[in-house]
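Chain identifiers are assigned alphabetically (A, B, ...) following the order of the sequence lines, protein sequences preceding nucleic acid strands; residue numbering begins at 1 within each chain. Note that these values count all heavy atoms, side chains included, but never hydrogens, waters or copies made by symmetry.
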Amino acid sequence: MSRILHSSYYLHHDVVFLAKDLIGKTLCTRINSKLTCGVITETEAYAGEGDKASHAYGGRRTNRTEVMYSQGGVSYVYLCYGIHRLFNIVTNQQDVPHAILIRAIWPIEGVDEVLKRRGAAKLTNNLCVGPGKVTQALGIDLQHNNLPLNGKQIWLRDDGFKVKKADIHTGPRIGVDYAGLDAKLPYRFWTTEYELFKH
DNA sequence: CGTACGATCTGCT
DNA sequence: GCAGATCGTACGA
C-alpha cells in the first residue's frame, strides 16, 4: 500500500525525528511531464535559529531563507557553489525555520529518465548519492522552491518500505565545518540497504 | 556597489 | 587527493 504523506506529517514531529523517519519514504516529481520517484536513503536535519549550520541561524530572515519560516510541508531549493541545486523539506510550524536536506535517493520509477538526466548508462549504487545528484535526477530546479509537498510537481509517498532501525546509520553532517560545535551534531541519517527497494 | 564564499560534483593525477 | 567550475546570496562600504 502506498499513500501521499499528509501535510500534518511535517508539523507535529521534531525535525531530527523526521529526518530519520524520512529514510525509506519515497520522493516523487512530475517535471516536464516526466514522472520520477526515488526512495530517500540519506538526510540531514537543520534545526533552525539555534543551529549554526542552518541558513536560518540566529533568526536570519532574507529573501532566500524566508521559505524556511513557512509552515512545514513545502520545498526549500537553493543554489550551492553556483552549480548545484539542493532540495530541502521545510518542517514544523510557521516561523520555526526547520528543514531537512535530502542527500540521496534510490530511484524506483522513471529510472530511464533519471539515467538520462544524470548522463549515465545504468543504475549504480552512487548514481543519486549526493544532494546535487538528487535534484539533477529528479529534475528539481530553483523554480521548484516554495512548492507544496503534496502537489502536482513534487510529493512524498509512504510505499511501506520497512528499514530496520539497525540499518539506519547516524553521524555528523557533511560540509558544515564552519558551524563550530554544531558541526559535530549527529543530524545525518542514511541507509545502504538498497536491496529493500529493488524489484 | 563590491566582494567573498558556499548544506558540491567531476575529472584528472 | 585535489583543483576547477560558476553564480546567487549576504553583508559591509
Side-chain angles (χ1 to χ4, degrees), chain A residues 10 14-23 25 27 36 38 40-70 72 74-92 96-107 114-147 149 154 156 168-192:
Chain A
Y10 305 100
D14 179 74
V15 68
V16 177
F17 171 89
L18 284 172
K20 189 170 184 178
D21 195 63
L22 281 166
I23 302 294
K25 300 294 191 293
L27 174 61
T36 49
I40 295 168
T41 57
E42 184 177 351
T43 62
E44 281 176 1
Y46 286 84
E49 306 187 18
D51 181 354
K52 265 193 165 166
S54 171
H55 292 161
Y57 175 62
R60 190 200 280 117
R61 196 160 180 157
T62 65
N63 277 342
R64 179 176 67 149
T65 64
E66 185 62 29
V67 66
M68 297 182 84
Y69 292 81
S70 307
V74 299
S75 62
Y76 169 40
V77 183
Y78 72 95
L79 184 70
C80 190
Y81 295 101
I83 302 172
H84 302 105
R85 290 104 190 128
L86 272 58
F87 172 79
N88 298 254
I89 290 170
V90 174
T91 73
N92 216 307
V96 183
H98 289 179
I100 298 164
L101 173 67
I102 305 303
R103 293 191 56 87
I105 60 169
W106 179 264
V114 167
L115 290 170
K116 200 164 142 192
R117 287 173 178 155
R118 292 279 302 119
K122 64 190 189 80
L123 182 48
T124 55
N125 277 354
N126 66 352
L127 182 72
C128 306
V129 174
K133 296 183 186 177
V134 169
T135 54
Q136 189 184 25
L138 296 178
I140 295 171
D141 208 339
L142 294 185
Q143 61 188 330
H144 304 108
N145 186 38
N146 196 14
L147 290 179
L149 297 178
I154 308 181
L156 278 95
I168 300 180
H169 306 103
T170 303
R173 294 170 291 185
I174 303 292
V176 296
D177 293 343
Y178 57 84
L181 287 178
D182 288 345
K184 303 212 187 294
L185 290 171
Y187 282 3
R188 173 173 167 246
F189 304 95
W190 73 96
T191 185
T192 53

Using heavy atoms and a sub-4.0 Å distance, could you list which residues of residues 123-138 of chain A are near DNA chain B? By number, please. A/G130, A/P131, A/G132, A/K133
Check DNA chain C against residues 54-64 of chain A and give the residues with a non-hydrogen atom under 4.0 Å, in numerical order. A/R60, A/T62, A/R64
Identify the heavy atoms of A/A19 and A/E44 that sit nearest to each other, and give their distance. CB-C, 4.5 Å
Reckon A/Y78 has a side-chain N or O less than 4.0 Å from the OP1 or OP2 of B/dG6? no
OP1 or OP2 of B/dA7 versus the side-chain N and O atoms of A/R85: is any pair under 4.0 Å? no
Side-chain contact, heavy-atom cut-off 4.5 Å: A/N146 with A/V90? no
Looking at A/N63, I'd like to know if its CG atom is crowded, meaning that more than 12 non-hydrogen atoms belonging to other residues, nucleotides or ligands lie closer than 6.0 Å. no
Centroid distance below 5.5 Å plus an interplanar angle below 30 degrees: do A/Y46 and B/dA7 meet both conditions? yes
Write out the stems for DNA chain C, ordered by first number and formatted as range with range, counting runs of at least 3 consecutive Watson-Crick or G-U wobble pairs under 3.5 Å. B:1-6 with C:7-12, B:8-12 with C:1-5
Counting C-beta onward and ignoring hydrogens, is there a side-chain heavy-atom pair between A/Y69 and A/E49 closer than 4.5 Å? yes
In whole Å, I'd like the distance from the NE2 atom of A/H84 to the P atom of B/dT10. 6 Å
Does some side-chain heavy atom of A/I23 sit less than 4.5 Å from a side-chain heavy atom of A/T41? no
Which atoms form the tightest heavy-atom contact between A/P131 and A/L101, and what is the distance? CB-CD1, 4.1 Å
